[in-house]
Amino acid sequence: MTMREILSKSDLQSWLQCPRKLWLEHKKPELIPDDDGGMPDRRITDGNIVGEKAREQLGRNYLWPPRADNPAAAAEQAKKMLAEEPDKPAVEVPMLYQGLYTRADALLPEKRRYILRETKASTLKLKSDEVTPRAPEEHHLNDVAIQVWTMAGWGLPMARAELNLLDSQWRYPGDGDYSGLFRQLDVTGDAKALKKDVPRWLREAKAVLVGRMPKVVTGKQCADPYECPFLEYCEERDPPGPEHPIELLPDSAGKALARKLRDTKGYTSILDPKPNELIGTQADLYRRIQKAHRTGKAILEPGSGAELKKLPYPRYYFDFESIDCPIPRWKGVRPYEHIPFQWSCHIERAPGRFEHEEFLDLTGNDPSRSCLERMREVIDPNDDGPIIVYYRAFEKNRLEEFGERHPDYNKLLQQYISRLVDLHPIVKQHCYHPQMEGSFSIKKVLSAIAPDLDYEELDEIQEGTGAQAAYLYATMDPKTTAVRKADLESKLRQYCRRDTWAMV
Ligand code: SF4
């Protein structure tokens, strides 16, 4: 079998997401954006960090197969290594069967067989009782099934298959003690049931690679389970759609209604439905959106001015930026808990009279206490000025989590929570512009009502994920120079300030 005939687990995962993705990765790899020395990809970085931590938990005495020139040699050497030391756990074990190449994250010996343990940088999702695990994600199961099939064919007996996931309930106790960080989910039954599909996946994936570029239209698959790097290329090749697609109906309920109207009535444009077909708890909003797209004009319903006028002064326009690391670095923090490292606050002391205050901690230490102290200095606990935010739930959750970790601030934080005023529902109930394209995100609203404040002009940090990457790059990457750190600091300040000025 030649190298060209071997497919990897990632190849099959790409094919499962979208056949064209696999085809493009092999036939037009030059379309994948270069790593141009910019900020690291969060998904890859998180995966590497979590993988390293999972290996640490196996102790020091595990096997790591030697590097080899090609998959066949790598798998051959690994098999020899396992045979020589059958009682030791092994990591990153290459396996090859019928032209499918995978690497097992960990193989743990148990009674002359092996536990196949696949680590993911995801948390174990629990049911509402917060104890019982939910069903694993489909792409994780597919991943394990591919390995179970390869392992069986490769001739290694399996005791069971596990997903090794982060425990979202666990809090880091400090002092480097990460025992308890992971929880294992036994997926042997599900993976074995799926295993029988793997040969067909492999056959069909190979067939894609000897054919022409698959005909596919962009859709949900372009971001599920992973963002696809070919989106721009594919969108340019999509057949032309209606100018105002019915999918502009917002939120999950709007999308479900759009799907129903498309399937049952054949509607493709938001202009197609009769007003009485736009139903549901947000029917008024859907009709407003339809009217705006039909006329091409913005709609501002009466009433928002009165709501805003009721708000007393001073008014605090406030926004957090936070970091959610898979592996907590600071005591008391859970996996992927959002820890604010920055905020911006425009204070309107009297109508039209503004001041600006901010906080940013790029030391890499836990920013929580200094963040709270600075908030207390800026947002006066003794006035009842509203703290105006966009999507209240985000700021409220951060304030509540601060209270759990810093009970001495709880009284202040509860007071702040009671003062939160959310602009998002006010905008949603009163305002729509066709340029918002069915979205009420602050960036879409701003680009429609104040295009001179567009986020596009903000260079490399234009949204929250960019701010998170900048934080990680500035605080945790030893290769970041002082000059680059200063540059990122300035861009972070500019970005967060833009968010609160957008609310103003
Ligand atoms: S952008 Fe979408 S359609 Fe294009 S290859 Fe990726 S997943 Fe497939």
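In each ligand, atom 1 is the first atom listed, and ligand 1 is the first ligand listed.
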Closer than 4.0 Å to some heavy atom of Val216 - which atoms of ligand 1 meet that?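 Matching atoms, with element in brackets: 3 (S).
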
Find all atoms of ligand 1 within a distance of less than 4.0 Å from any non-hydrogen atom belonging to Phe230, and give their numbers and elements.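 Atoms satisfying the 4.0 Å criterion: 1 (S).
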
Distance check below 2.8 Å: does Cys18 bring an N, O or S atom to atom 4 (Fe) of ligand 1? no

Taking side chain as C-beta onward, heavy atoms only, is Pro250 less than 4.5 Å from Tyr286?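 Of all side-chain heavy-atom pairs linking Tyr286 with Pro250, at least one is under 4.5 Å.
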
What's the shortest distance from [atom] to any protein heavy atom, and which residue and atom give it?
| atom | result |
| --- | --- |
| atom 4 (Fe) of ligand 1 | Cys234 SG, 2.3 Å |
| atom 2 (Fe) of ligand 1 | Cys222 SG, 2.3 Å |
| atom 3 (S) of ligand 1 | Gln221 NE2, 3.5 Å |

Give a yes/no answer: is there an N/O/S atom of Cys228 under 2.8 Å from atom 6 (Fe) of ligand 1? yes

Where the side chain of Asp499 meets the backbone of Cys496, is there a donor-acceptor pair that is under 3.5 Å apart? no

For the residue pair Trp64 and Tyr62, categorise the inter-ring angle as parallel (less than 30°), tilted (30 to 60°) or perpendicular (more than 60°). tilted

Aromatic plane relationship, Tyr432 with Phe440 - under 30° parallel, 30 to 60° tilted, over 60° perpendicular: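 Rings of Phe440 and Tyr432: tilted, as their planes differ by 30° to 60°.
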
Does the Lys NZ or Arg CZ of Arg334 fall within the cation-pi geometry relative to Tyr172 - under 6.0 Å from the ring centre and within 45° of the axis?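 No, cation not above the ring by the 6.0 Å, 45° rule.
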
Within the structure, is a non-hydrogen atom of Gln17 found at a distance of less than 4.0 Å from ligand 1? no

Name the one of Thr45, Asn164, Thr119 that satisfies side-chain contact (heavy atoms from CB on, under 4.5 Å) with Val50?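 With Val50 as partner, side-chain contact (heavy atoms from CB on, under 4.5 Å) holds for just one option, Thr119.
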
